[in-house]
Enquirer: 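My questions all concern the structure below.
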Amino acid sequence: MSSPEGKVGRREFIQKSAILATATAAASSTALSYSRIAGSNDRISIGHIGIGNRGSEFDRMVAQLSKSKNVQMVAVCDLWTMNRDRAVAFNQKAYGTAPRTAPVPEELLKLKEIDAVIISTPEHTHSPLLKMAVEAGKDVYSEKPMGNVLAEVKAARDTTLKSKQIVQIGTQHRSEPYQIAARNFVKTGALGDVTKYEIEWNYNGPRWRGRPEVKQVREQDVNWPVWLMTKPARPFDPQLYFEFRLYKEFSSGIPDQWMCHGIDLCHFFMDETAPESVTANGGIFAWHDGRQNPDTFQALLTYPKGFLASYTTSFGNDAPSFTRIMGKKGTMFNTGGEGSPRWQFVNEVGNHEDDFDIDKKRVTKDILLPGDTSLPPAGMGDEDLSHLTNWFECLRSRQQPNATVNHGFSHAIATMMARDSYWSGKRLYWNRTTEQIVDTPPIP
């Protein structure tokens, strides 16, 4: 989703972000006794479940932090033998020792030497595996969304809250320095009363279709029943296995993958939880390739603090992506798609109706970090180290991380409501008392 401009200086930017995040996390550490990690000098042993494209990124990220955070990947699990073998080879080269392998998650979670687990599997397995890992006494980093089945998301949240485990949900932008700086600016009140929060992220192409692995995988090399997990049995389908984001029983597509990041930042900046109501629309307008989930999607969400949020994506046009937070005193603009660190504040003076040149009279302020001499890139990849750094520090301090299960629960509610509204054609509401998605406004 990054623009060519955003790729310039990305490595330097990521390194800078990692240094800042490490310094921030280290400053907040305390001398608490560690309930699982015996001491600050003890190595943290990591197990990894799900080592596809995103999982391979996590392996590289952990390896980059292995010395500074004293962590090591000691066990890997993937249901496809090719992914598992590739993970073994990478980690053996990274650490000089081959990790243990597990063909199914349950076997990895039984390993007593593992302190914490990373889960980077398909969306429909996040909540069940998170619950299973916490019950096994492991700390967890679980990819987003936290889940897409309400009962399963609740169960994972409740199990975690009753435990002593440290769980980080993979909405990594909560830990990135520029997003934290933007939030801090919003908290100053410079925007005034916020009435509208807009997110538009676009891409031109048949997203999630055409994975080369579809032609490489063989049924005998995967554990299909375990991959299905809580879903009904069905014949092996290599397209579903790798392109699951296109099929509604396993993923909502755009809401699960993209909207969850955007709406989680909305919650982060606005100190909000789940929306009061959601209306969604869209369709398959660009890519008639057998997909079930929409390639064009828009959702409108109302929030308890009294503002409207909108999220929209088109996979049929790469018009510039942006986020815009609109207040009575000013506007925050974010140029670029998901993860863009480029934020700017513009104050409100007058109206275009009264003065066509009013924009020339408005004062702008770029949101920068101390020491910045230029704007950050207009986009970045998913391998920023800030979020993993925060998790590793919290494993030692036993403090709560930046993206807790409560935060994950809130973004999951928003995306599930958007999905259900799209398929039902109804405006849906969140009943905070019963914790149910309903089609009539809850009685106050």
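Sequential numbering from 1 along the given sequence is applied to the chain's residues.
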Enquirer: With a sphere of 6.0 Å drawn around NZ of K426, does it hold more than 12 non-hydrogen atoms of other residues, nucleotides or ligands?
Expert: no
Enquirer: Closer than 3.5 angstrom, by distance alone: can the side chain of S410 be matched with the main-chain N or O of N406 as a donor-acceptor pair?
Expert: yes
Enquirer: Within the 4.5 Å heavy-atom criterion, are Q216 and W80 side-chain neighbours or not?
Expert: yes
Enquirer: How about CG on D158, more than 12 heavy atoms from neighbouring residues, nucleotides or ligands closer than 6.0 Å, or not?
Expert: yes
Enquirer: Should the pair E393-K69 be classified as a salt bridge under the 4.0 Å nitrogen-to-oxygen rule?
Expert: yes
Enquirer: Tell me whether the centres of the aromatic rings in W201 and F315 are closer together than 6.0 Å.
Expert: no
Enquirer: When you check the side-chain N and O atoms of N402 and S175, is any donor under 3.5 Å from an acceptor?
Expert: yes
Enquirer: Mind listing the closest non-hydrogen atom pair of A156 and S127 along with its distance?
Expert: CB-O, 3.7 Å
Enquirer: Between M146 and T160, is there a side-chain heavy-atom distance shorter than 4.5 Å?
Expert: no
Enquirer: How long is the gap from NZ on K112 to OG on S45, to the nearest 0.5 Å?
Expert: 15.0 Å
Enquirer: Are the side chains of V88 and V76 in touch, meaning some heavy atoms are under 4.5 Å apart?
Expert: yes
Enquirer: Please report the C-alpha distance between R60 and E383 in whole Å, then the side-chain angles of each, then the deciding distance to 0.1 Å, and finally whether the salt bridge (charged side-chain N to carboxylate O under 4.0 Å, His left out) criterion is met.
Expert: CA-CA 9 Å; R60 294 193 294 270; E383 295 188 50; 3.1 Å; yes
Enquirer: Under the side chain to side chain contact (heavy atoms under 4.5 Å, CB included) rule, what do F322 and F333 come out as? Steps first, then yes or no, please.
Expert: CA-CA 7 Å; F322 67 90; F333 288 97; 5.8 Å; no
Enquirer: Would you say that K144 contacts D256 through its side chain, given a criterion of any heavy-atom pair below 4.5 Å between the two side chains?
Expert: no
Enquirer: Supply the atom-to-atom distance T433 OG1 to I443 CD1, rounded to the nearest 0.5 angstrom.
Expert: 10.5 Å
Enquirer: Sub-3.5 Å donor-acceptor pair from the side chain of D139 to the main-chain atoms of I166, do we have one?
Expert: yes
Enquirer: Got a donor-acceptor contact below 3.5 angstrom from the W287 side chain to the R209 backbone?
Expert: no
Enquirer: Going through the checks in order, is the salt bridge (charged side-chain N to carboxylate O under 4.0 Å, His left out) test met by E198 and K196?
Expert: CA-CA 6 Å; E198 299 177 332; K196 197 174 184 185; 2.9 Å; yes
Enquirer: Do R419's NZ or CZ and the ring of Y422 fall within the cation-pi criteria of under 6.0 Å and 45°?
Expert: no
Enquirer: Report yes if the distance between the aromatic ring centroids of W430 and Y303 is under 6.0 Å, otherwise no.
Expert: no
Enquirer: Under 3.5 Å, is there a donor-acceptor pair between the side chain of W224 and the main chain of R234?
Expert: yes
Enquirer: Using a strict threshold of under 4.0 Å (side-chain N to carboxylate O), is an ion pair present between E200 and R324?
Expert: no
Enquirer: Rounded to the nearest 0.5 Å, what separation is found between the CG atom of N204 and the OG atom of S314?
Expert: 7.5 Å
Enquirer: Show the nearest heavy-atom pair for residues V117 and W391, with the distance to one decimal.
Expert: O-CH2, 3.8 Å
Enquirer: Answer yes or no: is there an ion pair linking K154 with E152, defined by an N-O contact shorter than 4.0 Å?
Expert: no
Enquirer: Can you check whether W343 and Y178 have ring centres sitting under 6.0 Å from each other?
Expert: no
Enquirer: Go through the steps to decide whether M259 and L301 satisfy the test side chain to side chain contact (heavy atoms under 4.5 Å, CB included), and finish with yes or no.
Expert: CA-CA 12 Å; M259 177 183 164; L301 309 90; 3.8 Å; yes
Enquirer: Is the NZ atom of K231 crowded by more than 12 outside heavy atoms at less than 6.0 Å?
Expert: yes
Enquirer: Let's go through R432 and E276 carefully: what are the C-alpha distance in whole Å and the side-chain angles of both, what is the deciding distance for salt bridge (charged side-chain N to carboxylate O under 4.0 Å, His left out) to 0.1 Å, and is it a yes or a no?
Expert: CA-CA 9 Å; R432 297 176 189 276; E276 288 185 336; 5.6 Å; no
Enquirer: Are any side-chain N or O atoms of Q179 and backbone N or O atoms of S340, one a donor and one an acceptor, separated by less than 3.5 Å?
Expert: yes
Enquirer: Only one of L385, D382, T389 passes side chain to side chain contact (heavy atoms under 4.5 Å, CB included) with M61; say which it is.
Expert: L385
Enquirer: If you define the side chain from C-beta out and look only at heavy atoms, does anything of L111 sit under 4.5 Å from R100?
Expert: yes
Enquirer: To check you understand the geometry: which heavy-atom pair defines the closest contact between V217 and P238, and what is its length?
Expert: CG1-CB, 3.7 Å
Enquirer: Testing the 3.5 Å rule here: is there a donor-acceptor pair between the side chains of H407 and T171?
Expert: no
Enquirer: May I ask you to test the K305-M270 pair for a side-chain heavy-atom distance under 4.5 Å?
Expert: no
Enquirer: Is it true that a side-chain atom of D78 and a backbone atom of N83 form a donor plus acceptor pair closer than 3.5 Å?
Expert: no
Enquirer: Do side-chain atoms of R157 reach the backbone of G408 as a donor and acceptor pair under 3.5 angstrom?
Expert: no
Enquirer: Should the pair E243-R291 be classified as a salt bridge under the 4.0 Å nitrogen-to-oxygen rule?
Expert: no
Enquirer: Can you confirm whether P145 sits close enough to H411 that some side-chain heavy atom of one is under 4.5 Å from a side-chain heavy atom of the other?
Expert: yes
Enquirer: With distance as the sole test, does K131 use its side chain to make a donor-acceptor pair with the main-chain N or O of T159 at under 3.5 Å?
Expert: no
Enquirer: Check this for me: does any side-chain nitrogen of one of R54 and D59 sit under 4.0 Å from a carboxylate oxygen of the other?
Expert: no
Enquirer: May I ask you to check whether F268 and H173 place their ring centers less than 6.0 Å from one another?
Expert: no
Enquirer: Could you measure the distance from the CG atom of D295 to the OG1 atom of T313? Nearest 0.5 Å is fine.
Expert: 10.5 Å
Enquirer: Minimum heavy-atom separation for T415 and P255, please, with both atom names.
Expert: CG2-O, 3.3 Å
Enquirer: For the residue pair S251 and E123, what are the closest heavy atoms and their distance?
Expert: OG-OE2, 2.7 Å
Enquirer: Assess the residue pair L150 and I413 against the criterion (side chain to side chain contact (heavy atoms under 4.5 Å, CB included)); give the C-alpha distance rounded to whole Å, side-chain angles, the decisive distance to 0.1 Å, and a yes or no.
Expert: CA-CA 8 Å; L150 180 55; I413 295 305; 3.6 Å; yes
Enquirer: Heavy-atom count check: over 12 atoms from other residues, nucleotides or ligands less than 6.0 Å from R211 CZ?
Expert: yes
Enquirer: Say you draw a straight line from OG of S277 to CG of L428; how long is it, rounded to the nearest 0.5 Å?
Expert: 9.0 Å
Enquirer: So, taking the atom named CG in L240 and the one named CZ in R245, what distance separates them when rounded to the nearest 0.5 Å?
Expert: 12.0 Å
Enquirer: Indicate the atoms forming the closest heavy-atom contact of L108 with I49, along with that distance.
Expert: CD2-CG1, 4.1 Å
Enquirer: Does R174 pair with D264 as a salt bridge, N-O distance under 4.0 Å?
Expert: yes
Enquirer: Is there a donor-acceptor pair under 3.5 Å between the side chain of N70 and the backbone N or O of K67?
Expert: no
Enquirer: Verify, without hydrogens or angle tests, whether H387 (side chain) and I169 (backbone) share a donor-acceptor contact under 3.5 angstrom.
Expert: yes
Enquirer: Does a side-chain heavy-atom distance below 4.5 Å link C77 with R84?
Expert: no
Enquirer: Is there a side chain to side chain contact (heavy atoms under 4.5 Å, CB included) between L265 and Y197 once you walk through the steps?
Expert: CA-CA 11 Å; L265 273 182; Y197 190 119; 4.2 Å; yes
